[in-house]
**Student:** 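If you scroll down you'll find the structure; I have some questions about it.
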Protein chains: 2
Amino acid sequence: MTKPTIKDIAAKSGVSIATVSRVLGNKTGSYSEKTRTKILKIAKELGYRKNSVAVDLVKKHSDVIALIINATPTNFSTQIIDGIQQRADELGQGVIILYAGNRDHALQHQAIITALERSVTGILLAAIEPDEEDLTLLKESRIPFCFVSLYFGTTAILAVSSDNRELAYQATQYLIDRGHTRISLAGIDGYHTGSQRQAGYQDAMAANRLPAATVLSGNYSYEAGKKLLQAVVDQGSTAVIAASDMVAAGLLTAAHQQGVRVPADLSIMSIDGTIICQITTPALTSMTQDFYQIGSQSVNKVLGQPAADFVSVSVTERDSVARLD
Amino acid sequence: MTKPTIKDIAAKSGVSIATVSRVLGNKTGSYSEKTRTKILKIAKELGYRKNSVAVDLVKKHSDVIALIINATPTNFSTQIIDGIQQRADELGQGVIILYAGNRDHALQHQAIITALERSVTGILLAAIEPDEEDLTLLKESRIPFCFVSLYFGTTAILAVSSDNRELAYQATQYLIDRGHTRISLAGIDGYHTGSQRQAGYQDAMAANRLPAATVLSGNYSYEAGKKLLQAVVDQGSTAVIAASDMVAAGLLTAAHQQGVRVPADLSIMSIDGTIICQITTPALTSMTQDFYQIGSQSVNKVLGQPAADFVSVSVTERDSVARLD
DNA sequence: ATGAAAGCGCTAACAA
DNA sequence: TTGTTAGCGCTTTCAT
């Protein structure tokens, strides 16, 4: 037997499909209690299930927001997703997640197109650095989109994130306040987030009349961290700001292997503050981002509700930063 | 201006919508090169984008598979998703991910319904323990579904996973081969995966004429691990098998805090083998699962292609297990 | 190679 | 309160 439709229900209950549609769609007041009961009963008997595709077509819109993510942010994506899902639910929207691989541009592009073709209410892009083509595609669609955990330096493009410049500034100042003067920054790339953090770091150093070290670039990964420890040591720093928890973890692993004691020989300040910080030995002191808030605010924003541009960060003291006196 | 449709293209190019549809759908041989060029040009000018919702409605099916995940498997989900995405792509299927929260039954149920209503090609459920209602729902739909990283002990329900009994057996035997006789098992629950692992552990102990300890149950999380260390110590064990990398990490943190040396005082054998194992100090020896394979095989299976039921595991030696001599 | 027309499953006027 | 009807944007016979 084929999947039952409202037509089948209508036939079996002797009413028109319009009436069935009304009952199933809860158009209160437009049907009698008697027909309602009858229709619901028959629908259940038949194992009826609404065809959302047909509904979306006629309504010309979905009550679904699309979230595009990539592999990189493994650690924090759960919190972002939680925030998004929760808030979307409150606002009566479903969420479908589209996976863009490991910063794979083809997949990323494909994901955007998929979202566009499905007439979603809005598109959220988590930790995605779009290329020009993607951005044009997005702008030309009539669908609102919002970047999550990424800020373009302009309010022309909707986005919700931590204030990366401020975040890095605070991290640097925190280290300086504890007596560090030679501080490295490791693991960031040259895109928006990376260059904002670089600016914050450099500004803080300058404000304290300290020389900024050459930024050690990387892709926010564990491997990048491992690879960069030597460079940090070579810079003669007593402290390093890691671009992410994963970079911090990599730095730490390499430090263990090379006999560099943390924090006695080298202090590490991580950025993100996910559970990774608790797992390592020593636990990692971090600039902690509020990913849940970032997620839920971005839903507000993409749906046109009042929302914050920046979500506040805070330092979480653990055991990877030493006081130099 | 409203979103352009094939009707607009047809009007502007002086052909019928049928022809436009043929060109856009690549129905080779059913149109002349000349019209093709013209239509493509106009489509581009208009910024035309196909309405997949309409296509799905008329074709009555989606070329999309739905993947339902929950928050728990944060660490390994990326690999599973990679495997799924990759294989689905090869088979011409898109993937949409539906998030079921943290083992949130309402959300889980909702996710299944969403998938069902969108006439997807197949449904994949990653590390989801369904309740009776969910299972009935799934069975009554005509949509193929497959559990990922979960095995029911029967081939009646499609599933791809590691052989959990065998995995736990090997973990136990590995420890026994290194001289351990008092071994704990910590962090599993009583559902399918948990009880299969428990059986493997108990069988291995019995086969070696060793007494199995009472299983220390938990929910596979970092917190569970932290909480269970004391119990492991109380059991007087020299080794513990952790239900997951996160449990192992929790055990390790608590061990550090309580002055229990790993592996000198206590050996830890983890299950999963994700990057978490490399991050901790000492690095965690693990039973490593091939999550990528689990993902890609599950796509094969749900699409009716030949596929494995079980994907092989292997032990990855790191630094958390001591040899007792 | 192209067009006319039917219809996918549903909602939303408009009538009655 | 209910039925009739006209689509939503597209694909697919069936003609031509």
Side-chain angles (χ1 to χ4, degrees), chain A residues 1-40 42-43 46-64 116-121 141-143, chain B residues 1-40 42-43 46-64 114 116-120 141-143:
Chain A
M1 200 198 69
T2 168
K3 212 178 165 201
T5 70
I6 54 169
K7 213 165 158 184
D8 299 318
I9 300 180
K12 195 150 180 190
S13 53
V15 300
S16 71
I17 60 166
T19 299
V20 176
S21 173
R22 286 176 189 121
V23 171
L24 263 26
N26 265 308
K27 301 285 173 237
T28 327
S30 59
Y31 47 78
S32 72
E33 181 55 28
K34 211 180 94 197
T35 42
R36 195 188 85 96
T37 331
K38 180 170 60 180
I39 288 175
L40 256 30
I42 295 187
L46 260 34
Y48 172 78
R49 203 147 285 296
K50 153 173 63 176
N51 183 333
S52 299
V53 174
V55 176
D56 289 351
L57 177 59
V58 55
K59 290 206 174 161
K60 304 183 82 166
H61 110 290
S62 259
D63 283 355
V64 163
L116 256 27
E117 290 178 350
R118 298 223 113 74
S119 49
V120 294
T121 313
S141 77
R142 295 138 195 83
I143 301 182
Chain B
M1 199 200 67
T2 167
K3 210 178 166 199
T5 70
I6 54 170
K7 210 165 161 182
D8 299 318
I9 300 180
K12 195 150 180 190
S13 54
V15 298
S16 71
I17 60 166
T19 299
V20 176
S21 172
R22 286 177 188 120
V23 170
L24 265 25
N26 266 306
K27 301 285 173 235
T28 328
S30 59
Y31 48 78
S32 72
E33 181 54 29
K34 212 180 91 199
T35 42
R36 195 189 85 97
T37 332
K38 181 173 57 181
I39 287 174
L40 255 30
I42 296 187
L46 260 35
Y48 172 78
R49 206 148 283 295
K50 153 174 64 177
N51 182 333
S52 298
V53 174
V55 176
D56 289 352
L57 178 60
V58 55
K59 291 204 173 164
K60 306 183 80 165
H61 110 288
S62 259
D63 283 353
V64 162
T114 302
L116 256 26
E117 289 179 350
R118 305 234 159 236
S119 46
V120 294
S141 78
R142 294 138 195 81
I143 300 182

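Numbered from 1 within each chain, the chains take letters A, B, ... in sequence-line order. Bear in mind that the values here come from a model prediction, so they are computed numbers and not experimental data.
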**Student:** Using C1' atoms of five pairs at each end, report the bend of the helix from C:dA1-D:dT16 to C:dA16-D:dT1 rounded to 10 degrees.
**Tutor:** 40°
**Student:** Reading nucleotides 10-16 of chain D from the 5' end, what letters show protein touch, with B for base, S for backbone sugar-phosphate only, - for no heavy atom under 4.0 Å?
**Tutor:** BBBB---
**Student:** Taking all heavy atoms of B:Ile39 and all of B:Val23, pick out the closest pair and write down the distance.
**Tutor:** CD1-CG2, 3.7 Å
**Student:** Quickly work out the B:Lys3 NZ to D:dG9 P distance and round it to whole Å.
**Tutor:** 9 Å
**Student:** Using whole Å, report how far CD1 of A:Ile39 lies from C1' of D:dT1.
**Tutor:** 11 Å
**Student:** To the nearest Å, how far apart are A:Lys34 NZ and D:dT2 C1'?
**Tutor:** 13 Å
**Student:** Can you name the residues that form a side chain to side chain donor-acceptor pair (under 3.5 Å) with A:Ser30, not counting sequence neighbours?
**Tutor:** none
**Student:** When the distance from CG of B:Asp56 to C1' of C:dC10 is rounded to whole Å, what number comes out?
**Tutor:** 15 Å
**Student:** Show me the pairs that pass side chain to side chain donor-acceptor pair (under 3.5 Å) and involve residues 46-59 of chain A, at least two apart or across chains.
**Tutor:** A:Ser52-B:Glu117, A:Asp56-A:Ser62, A:Asp56-B:Arg118
**Student:** To the nearest angstrom, how far is B:Lys60 atom NZ from C:dC10 atom P?
**Tutor:** 10 Å
**Student:** Out of curiosity, A:Ser141 OG to B:Lys3 NZ, how far, rounded to the nearest 0.5 Å?
**Tutor:** 8.5 Å
**Student:** For A:Thr121, which residues count as a side chain to side chain donor-acceptor pair (under 3.5 Å) partner, sequence neighbours excluded?
**Tutor:** A:Gln93
**Student:** Whether B:Ser32 contacts C:dA1 is assessed here as follows: a side-chain N or O lying under 4.0 Å from the phosphate OP1 or OP2. Is that the case?
**Tutor:** no
**Student:** Contact class for A:Val15 vs. all strands (heavy atom < 4.0 Å): base, sugar-phosphate, or nothing?
**Tutor:** sugar-phosphate
**Student:** List for me each residue that meets side chain to side chain donor-acceptor pair (under 3.5 Å) alongside A:Thr35, sequence neighbours excluded, and say none if there are none.
**Tutor:** A:Ser32
**Student:** Is there a side-chain contact between A:Asp63 and A:Val120, using heavy atoms and a 4.5 Å cut-off?
**Tutor:** no
**Student:** For a quick test of reading the model: is some side-chain N or O of A:Ser30 closer than 4.0 Å to OP1 or OP2 of D:dT2?
**Tutor:** no
**Student:** With a 3.5 Å cut-off and sequence neighbours excluded, list the donor-acceptor pairs that the side chains of residues 5-19 of chain A form with protein atoms.
**Tutor:**
residue, atom, partner, partner atom, Å
A:Thr5, OG1, A:Lys7, N, 3.1
A:Asp8, OD2, A:Thr5, N, 2.8
A:Ser13, OG, A:Ile9, O, 2.6
A:Ser16, OG, A:Ala18, N, 3.4
A:Ser16, OG, A:Thr19, N, 3.4
A:Ser16, OG, A:Thr19, OG1, 3.4

